[in-house]
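Hydrogens, waters and symmetry mates are skipped; everything else that's a heavy atom, side chains included, is used.
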Amino acid sequence: MLFEILTTGLMGGIALKAYQKQRGLSSNDSGKIQRIMSLSGLNVRDGKDTLTTQLVRKKQFEWGMEYKFRIPLGRSFIDYEAKQHVFEDGLNNRRKNITFNDLRQLDLNKDILLQLQQLWKAKLTEQKEIELSYDGLLIVRVYDKPLAKEVPYTSGKGWRVPVGVTRAMNEFKYHDFEMVPHVVLGGATRYGKSNFINSMITSLVHSEPLSANFYLIDLKGGVELCDYENIKQTISIAYEPHEALHTLQLAYDQMRNIQRELKRRGKKNAQEAGIKERYFVVIDEVGELNAAEAVTKEEKRLKLECQTIMSQIARLGAGLGFRLVVATQYPTTDVIPRQVKQNADAKLCFRVQSGVASRVVLDAEGAEALPMVKGRAIYQTADKREILQTPLITPQIIHDTIQPHIVAKGERVEETAIQPRRTDTVTFEEV
């Protein structure tokens, strides 16, 4: 009887405290954030007055709190972005509050005291993470739990391929190649670029086995993309720069064939003409095609020609059913051809070593501040920028997906986008 009374009282007290916090009746992080801003030198002196960052509104979500502040004249979003690590360190202390959502997950039919002990231990060890953005007001999102460090692979649908899980309510993000045809990937070695390429190809083979076609260039010696050499969707694959030129030339010739056919039909693009086939030109480590690093004149000519074809595919290929995906470890201005970057409205950037490298890929800093977590990246489109955790694909998943599509060398039949694959053939005989 005494145990039931103590347990009921304890749960009631915790529930009341959590309810008060949920309704904003107790302290929250807004005051602490404003104090951190003040102590870190973000206030502005205007004569005898001190202009501070003012809280405009706050809103609670399942993942945490969102605060909107009006910043004082004389400050910019960059000033606050530079202090992000200061905000996170200030918010992460050892005094953690249990929320109403935490209590909802407890099972009252089991050992409640043990569950409370485990919950309290978890609350002491978890770390809050924040995101900053600006839309006229400074937006500070405080997440109760950190972003997952590992996300299992999930296949996409159609031309939508998995990109990763965002912080907000663990929403899974997909990239739609029909909406945004070209993608640039950047990031230091071993952080996830090749893993993303593998998950993209595997998803396309699974979802569109009859319509996906690949021109693959793996300039890491073939260690990343060799699994796809003998699948029927791969038209050409290259492992060396001179082979890359051949593969790019094949892709360019096919693109011109489709262009001529569209002109003959009087159609504007592949979608309007009803052409279902899509052609993916994937280049892993495009830095190996940097003409500035060529040793001989012949090597320089070859690499310049490769860059010229890449630029032409980037400019003309979208409406013809061609999709360009380029990745590099060392994002500098002379590695990614300008036309490729300007025509790629989607960028996926993993951690890089400097703000300069981040600006090359994203036209903004931020990727250099990502945590040292494999698969953590910034996914940026024309109108949005999000931090996410990309899915991890295993060799077994790749093997199981592509195994039914492997053909012996010499069995692959060259086909064009205007000649769809046939499943039945009619034979006429003279009687």
Asks: Closest heavy-atom contact between Thr50 and Arg45?
Replies: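 Scanning both residues completely, I find the closest heavy atoms to be OG1-NH1, 2.8 Å.
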
Asks: For His242, does its backbone N or O pair with a side-chain atom of Glu240 as donor and acceptor, under 3.5 Å?
Replies: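 Not confirmed, Glu240 side chain does not pair with His242 backbone.
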
Asks: Calculate, to the nearest 0.5 Å, the distance between atoms CG and CG belonging to Leu262 and Leu320 respectively.
Replies: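 It comes to 6.0 Å.
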
Asks: Using ring centroids (six-membered ring only for Trp), state whether Phe280 and Phe322 fall under 6.0 Å.
Replies: no

Asks: Determine whether Asp284 and Lys220 satisfy the following criterion, salt bridge (Lys or Arg N to Asp or Glu O under 4.0 Å), listing intermediate values before the conclusion.
Replies: CA-CA 7 Å; Asp284 195 0; Lys220 294 180 179 178; 3.8 Å; yes

Asks: Is any side-chain heavy atom of Asp135 closer than 4.5 Å to a side-chain heavy atom of Lys68?
Replies: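 Asp135 vs Lys68: side chains touch.
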
Asks: Will you find, in the side chains of Gln34 and Tyr67, an N or O donor that is under 3.5 Å from an N or O acceptor?
Replies: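 Short answer, no.
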
Asks: I'd like to check Lys32 versus Leu91 (side-chain heavy atoms, cut-off strictly below 4.5 Å). Are they in contact?
Replies: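 The answer is yes; the side chains approach within 4.5 Å.
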
Asks: Could you tell me which non-hydrogen atom of Ile231 sits nearest to which non-hydrogen atom of Tyr228, and how far apart they are?
Replies: CG1-O, 3.2 Å

Asks: Measure from the side-chain N and O atoms of Asp79 to the backbone N and O of Ser76, and report whether any donor-acceptor pair falls under 3.5 Å.
Replies: yes

Asks: So, Gln380 side chain and Ala346 main chain: donor-acceptor pair closer than 3.5 Å or not?
Replies: no

Asks: Mind listing the closest non-hydrogen atom pair of Arg385 and Ala367 along with its distance?
Replies: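 Closest approach of Arg385 to Ala367, heavy atoms only: NH2-N, 4.5 Å.
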
Asks: Are side-chain heavy atoms of Lys58 and Met65 found at a separation under 4.5 Å?
Replies: yes

Asks: Using a 4.5 Å cut-off on heavy atoms from C-beta on, say whether the side chain of Thr328 contacts that of Leu185.
Replies: no

Asks: How about CZ on Arg301, more than 12 heavy atoms from neighbouring residues, nucleotides or ligands closer than 6.0 Å, or not?
Replies: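 Yes, the 6.0 Å shell around CZ holds more than 12 heavy atoms from other groups.
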
Asks: Can you tell me how far CZ of Arg315 sits from CG of Leu324, rounded to the nearest 0.5 angstrom?
Replies: 12.0 Å

Asks: Using 4.0 Å as the upper bound for N to carboxylate O, is an ion pair formed by Arg351 and Glu368?
Replies: no

Asks: Give, for atom CD of Gln307 and atom CG of Leu248, the distance between the pair rounded to the nearest 0.5 Å.
Replies: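 Going from the CD atom of Gln307 to the CG atom of Leu248 covers 10.5 Å.
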
Asks: Between Ser40 (side chain) and Ile36 (backbone), is there a donor-acceptor pair under 3.5 Å?
Replies: yes

Asks: Can any side-chain N or O of Thr308 pair as donor or acceptor with the backbone N or O of Leu304 at less than 3.5 Å?
Replies: yes

Asks: Check whether any side-chain heavy atom of Asn213 sits under 4.5 Å from a side-chain heavy atom of Arg278, and report yes or no.
Replies: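 SC-SC contact between Asn213 and Arg278 ruled out.
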
Asks: May I have the step-by-step check of side-chain contact (heavy atoms from CB on, under 4.5 Å) for Tyr174 and Val161, ending in yes or no?
Replies: CA-CA 5 Å; Tyr174 295 88; Val161 300; 6.0 Å; no

Asks: Can you see whether Gln259 engages Arg256 through a side-chain donor-acceptor pair at a distance of less than 3.5 angstrom?
Replies: yes

Asks: Side-chain contact, heavy-atom cut-off 4.5 Å: Lys300 with Val295?
Replies: no

Asks: Taking Gln342 for the side chain and Arg338 for the main chain, is one N or O donor matched with an acceptor at less than 3.5 Å?
Replies: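 Side chain of Gln342 to backbone of Arg338, a donor-acceptor pair under 3.5 Å: no, none is there.
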
Asks: Using the rule given for side-chain contact (heavy atoms from CB on, under 4.5 Å), can you reason through Gln254 versus Tyr215, listing the C-alpha separation, both sets of side-chain angles and the distance that settles it, and then say yes or no?
Replies: CA-CA 11 Å; Gln254 174 67 351; Tyr215 296 90; 3.5 Å; yes

Asks: Without swapping roles, check the side chain of Glu88 against the backbone of Ile130 for a donor-acceptor pair under 3.5 Å.
Replies: yes

Asks: Is it true that the side chains of Thr166 and Tyr379 contain a donor and an acceptor less than 3.5 Å apart?
Replies: no

Asks: Is a donor from one side chain sitting under 3.5 angstrom from an acceptor on the other, for His206 and Thr401?
Replies: no

Asks: Nearest 0.5 Å please: distance from the CD1 atom of Ile387 over to the SG atom of Cys349.
Replies: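 It is 11.5 Å, given to the nearest 0.5 Å.
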
Asks: Can Arg141 and Glu66 be counted as an ion pair, charged N to O under 4.0 angstrom?
Replies: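 Salt bridge present between Arg141 and Glu66.
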
Asks: Could you pull out the closest heavy-atom pair between Leu204 and Gly158, with the gap in Å?
Replies: CD2-O, 4.0 Å

Asks: Nearest 0.5 Å, please: how far is OG in Ser358 from CG in Asp363?
Replies: 9.5 Å

Asks: Which pair of non-hydrogen atoms, one from Gln353 and one from Ala188, has the smallest distance, and what is that distance?
Replies: NE2-CB, 4.0 Å

Asks: Does any N or O in the side chain of Ser199 come within less than 3.5 Å of the main-chain N or O of Phe196, such that one atom is a donor and the other an acceptor?
Replies: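 Confirmed, Ser199 side chain pairs with Phe196 backbone.
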
Asks: In the structure I gave you, are the side-chain heavy atoms of Glu288 and Glu293 within less than 4.5 Å of one another anywhere?
Replies: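 Heavy-atom side-chain distance check fails, nothing below 4.5 Å.
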
Asks: Do the two ring centres, one from Phe177 and one from His175, sit under 6.0 Å apart?
Replies: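 That pair passes the under 6.0 Å test.
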
Asks: Minimum heavy-atom separation for Glu224 and Asn198, please, with both atom names.
Replies: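 Shortest heavy-atom contact: O-OD1, 3.5 Å.
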
Asks: Should the pair Arg323-Glu178 be classified as a salt bridge under the 4.0 Å nitrogen-to-oxygen rule?
Replies: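 Counted as a salt bridge, because a side-chain N and a carboxylate O are separated by less than 4.0 Å.
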
Asks: Going by atom types only, do Glu261 and Asn257 share a side-chain donor-acceptor pair under 3.5 Å?
Replies: no

Asks: Any heavy-atom pair between the side chains of Ile283 and Val325 that's under 4.5 Å?
Replies: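 No, their side chains stay 4.5 Å or more apart.
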
Asks: When rounded to the nearest 0.5 angstrom, what distance separates CD1 in Ile309 from CE in Met255?
Replies: 9.0 Å

Asks: Might you work through the side-chain contact (heavy atoms from CB on, under 4.5 Å) test for Ile33 and Val140, ending with a clear yes or no?
Replies: CA-CA 9 Å; Ile33 292 172; Val140 181; 4.0 Å; yes

Asks: Can Thr52 and Asn43 be counted as having a side-chain donor-acceptor contact under 3.5 angstrom?
Replies: no

Asks: Begin from the C-alpha positions of Glu299 and Lys297 and carry the test salt bridge (Lys or Arg N to Asp or Glu O under 4.0 Å) through to its verdict.
Replies: CA-CA 5 Å; Glu299 182 185 2; Lys297 290 184 179 180; over 6 Å; no

Asks: Under 3.5 Å, side chain of Lys341 to main-chain N/O of Val184, donor-acceptor pair present?
Replies: no

Asks: Please determine whether a side-chain nitrogen of the Lys or Arg among Glu386 and Lys384 lies less than 4.0 Å from a carboxylate oxygen of the Asp or Glu.
Replies: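 A salt bridge is present here (some side-chain N lies under 4.0 Å from a carboxylate O).
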
Asks: NZ of Lys374: more than 12 outside heavy atoms within 6.0 angstrom?
Replies: no

Asks: Where do Asp144 and Trp63 land on the side-chain contact (heavy atoms from CB on, under 4.5 Å) test, with the steps shown first?
Replies: CA-CA 6 Å; Asp144 292 334; Trp63 43 260; over 6 Å; no

Asks: For Arg35, I'd like to know if atom CZ has over 12 heavy atoms of other residues, nucleotides or ligands within 6.0 Å.
Replies: no

Asks: May I ask you to decide if Gly156's main-chain N or O and Ser207's side chain share a donor-acceptor pair within less than 3.5 Å?
Replies: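 Indeed, once roles are kept as given, a pair shorter than 3.5 Å links the two residues.
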
